[in-house]
Novice: 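Structure below; questions to follow.
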Amino acid sequence: MLDPKLLRDNPDKIRKMLEARAVDFPLDQLIKIDKERRDLIIKTDELRKKRNEISLEVARKKKANGDATKLIEQMQSVSEELSKLEGTQIKADELYTKLSLSLPNLIHDSVPIGRDVNANKEIKKWEKPPIFDFKIRDHIELTQSLDLVDLERAAKVAGARFYYLKNKLVKLNQSLIQFSLDFLSDKNYTLVQTPYLINRSSMEGAIIAQDFEDVIYKVEGEDLYLIGTSEHAVASMHSDEIIDGKNLPLRYAGISPCFRKEAGAHGRDQKGIFRVHQFDKVEQFIFSRPEESWNEHERLLSLVEEFYQKIELPYRIMLLSSSDLGKVSAKTYDLEAWIAGQNSYREIVSCSNCLDFQARRLKIRFRDRTDEQPQYLHTLNSTLVATTRTMVAIMENFQTKDGHVAVPKVLQKYVGASTI
RNA sequence: GCGGGGGUCGCCUAGCCUGGUAGGGCGUGGGAUUGCUAAUCCCAUGUCCGCAAGGACCCGUGGGUUCGAAUCCCACUCCCCGCGCCA
């Protein structure tokens, strides 16, 4: 949600953002309904004022044992008129809320403007892709020959894009989680394992409603949705709260499985475990002072880089362009790891500054003194590790001539082995 | 799941029975007084509309009754206590 003042004072800024994102949005309708809504507030407020005044007089008359019949008649007609106006006001409010909740976030000046992913900008590269002196296998072949994943039975039991992890891959999965948690504890993050199902209003605080159908699983007959990432659950953790400024920034390491429908991804990454309906993830989530959020954003990225350097995966950092940017984010870096079997870099981390967009939806504010006006804080999120994709990268880049996989040094103590 | 108790403007609390301007304390900020500190006193401290003056709203949420609801009625929700069921 954007600051409603922008609608009145600087709608062109919003118009430019919509254009850059190539999003079709009825901005003029929103501006009109905002005006109507405020006019109705003024009118109903006046009627309420009148009602309050008469009500006071009734009370006074009654106390003095006087006759208040005429006043009460007056009240009746005022109340009647008011309830009519309130009806139209509620309708205007509903439309206003619906529209303003589907308006995407502003875009930071440093974000490249572009029509598609080709406008994304490479910021840096770390390490060269490995060179192999043998014919390499992709992770699908590796997981089959080493008996690490069972896709057929998962399809039978749950459907396409599900999987059974087996043997040492289970341990590698756990090792990534364990290593991430240790890594972030050392940086003084608060570890938090979240609910995996959350209600609609919490979900709406973190994502835009029209995206629900595409990405979110709903529990039938309940107001519950499976989280697509712990970001959703951590963001709403502090909803409707005023946070003491001296506690900021709040840095959380969220851990949870993630559930995603992946609708509209038919044909892409069809095989293997690169794109799946369920995976484990350790997520960084920051509640920050507005003036600190851009520093926090860079800090998130630097921790991500440190992490992937430790597990020795070659990667590059991309700055997403306006059309590829998520609707709630003002600026996003992706870390793309080298995937040897595909001979390309693929996204495994996404690192975003959402400014006050989520905070407004979730009513998360802060202040330094209790006599001070609370103000919205900024929220940021970044993957630390999404286990399935990182395991794909490890398997394909660390494979050996004899068809096995070397375990990255920092993970060996967790896996309890140096090869798989 | 059943029975009982509860949710009040950052925190604590009064008001609810008997409907008629939501009061007090703490904390925080500012001011007054005082040689300093302490104590005391005064003001401010929820949201929205409005350039402002001002006004409206706010007692877990949503309905209802009423001229008028924190207060009465209904539903839902969350917390606490007891019972039941249970990995």
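What's counted below: heavy atoms across the whole structure, side chains too, no hydrogens, waters or symmetry copies. Chain letters run A, B, ... following the sequence lines, proteins first and then strands; every chain starts at 1. Bear in mind the structure is a predicted one, so any value in this text is a computation, not a measurement.
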Novice: Taking only the C1' atom of each, what is the distance from B/G82 to B/G27 in whole angstrom?
Specialist: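 It comes out at 36 Å once rounded to the nearest Å.
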Novice: Are A/Tyr217 and A/His277 close enough that a side-chain donor and a side-chain acceptor fall under 3.5 Å?
Specialist: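 A pair is found: one side chain offers a donor N or O, the other an acceptor, under 3.5 Å apart.
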Novice: Got more than 12 heavy atoms from elsewhere within 6.0 Å of NZ, A/Lys261?
Specialist: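 More than 12 heavy atoms, drawn from other residues, nucleotides or ligands, come within 6.0 Å of this atom.
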Novice: Using atom C1' in both nucleotides, what's the gap between B/U65 and B/C79 to the nearest angstrom?
Specialist: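 The same atom, C1', in both gives a distance of 29 Å.
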Novice: Which is true for A/Asn52 with a 4.0 Å heavy-atom rule: it touches a base, it touches only sugar-phosphate, or it touches nothing?
Specialist: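 Result for A/Asn52 = sugar-phosphate.
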Novice: Considering only the P atoms, how many Å lie between B/G63 and B/A70, rounded to the nearest integer?
Specialist: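 About 14 Å, rounded to a whole number of Å.
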Novice: For a quick test of reading the model, state the closest non-hydrogen atom pair linking A/Ser288 to A/Pro249 and the distance between them.
Specialist: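 Of all heavy-atom pairs spanning A/Ser288 and A/Pro249, the closest is CA-CB, 4.5 Å.
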Novice: Taking atom C1' in both B/C9 and B/G64, compute the distance separating them and give it to the nearest angstrom.
Specialist: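 Those two atoms are separated by 26 Å.
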Novice: At the 4.0 Å heavy-atom cut-off to chain A, mark where contacts on RNA chain B begin and end, going 5' to 3'.
Specialist: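 The protein-touched segment is B/G10 to B/G68.
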Novice: Could you summarise the pairing of RNA chain B as dot-bracket text, marking Watson-Crick and G-U pairs under 3.5 Å with ( ) or [ ] inside the strand and | across strands?
Specialist: ((((((((.[[[[.)....(..]]]]((((((.......))))))((((....))))..[[[[[..)....]]]]])))))))....
Novice: Contact between A/Ile208 and A/Leu101 at the side-chain level, heavy atoms closer than 4.5 Å - yes or no?
Specialist: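 No, side chains not in contact.
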Novice: Using heavy-atom distances to pick each residue's nearest nucleotide on RNA chain B, tell me which of A/Met75 and A/Ile242 is more 5'.
Specialist: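 Its nearest nucleotide lies further toward 5', so the answer is A/Ile242.
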Novice: Assign the ring pair A/Trp294 / A/His297 to parallel, tilted or perpendicular, where the plane angle (0 to 90°) is split at 30° and 60°.
Specialist: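 Rings of A/Trp294 and A/His297: perpendicular, over 60°.
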Novice: Quantified in whole Å, what is the C1' atom distance between nucleotide B/G7 and nucleotide B/G55?
Specialist: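 These two C1' atoms come out 30 Å apart once rounded.
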Novice: Would you indicate whether the side-chain heavy atoms of A/Ile394 and A/Pro408 approach each other to under 4.5 Å?
Specialist: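 Answer yes - side chains close enough.
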Novice: Let's go through A/Arg346 and A/Glu396 carefully: what are the C-alpha distance in whole Å and the side-chain angles of both, what is the deciding distance for salt bridge (charged side-chain N to carboxylate O under 4.0 Å, His left out) to 0.1 Å, and is it a yes or a no?
Specialist: CA-CA 12 Å; A/Arg346 297 296 307 272; A/Glu396 297 199 4; over 6 Å; no
Novice: If I pick the C1' atom on B/G10 and the same atom on B/G3, what distance separates them, to the nearest angstrom?
Specialist: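 Result for the C1' pair: 35 Å, nearest Å.
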Novice: Give the minimum heavy-atom separation between A/Val385 and A/Phe307, together with the two atoms involved.
Specialist: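 Taking every non-hydrogen atom into account, CB-CE2, 4.0 Å.
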Novice: When the P atoms of B/U8 and B/G60 are considered, how many whole Å apart are they?
Specialist: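 To the nearest whole Å, 7 Å.
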Novice: What integer number of Å spans the P atoms of B/C78 and B/G62?
Specialist: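 So the two P atoms sit 16 Å from each other.
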Novice: Could you label the plane-to-plane angle of the A/Phe287 and A/Tyr252 rings as parallel, tilted or perpendicular, counting under 30° as parallel and over 60° as perpendicular?
Specialist: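 Answer is perpendicular, since the angle exceeds 60°.
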Novice: So which one's nearest nucleotide on RNA chain B is more toward 5', A/Arg367 or A/Ser79?
Specialist: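 The residue whose closest nucleotide sits nearer the 5' end is A/Arg367.
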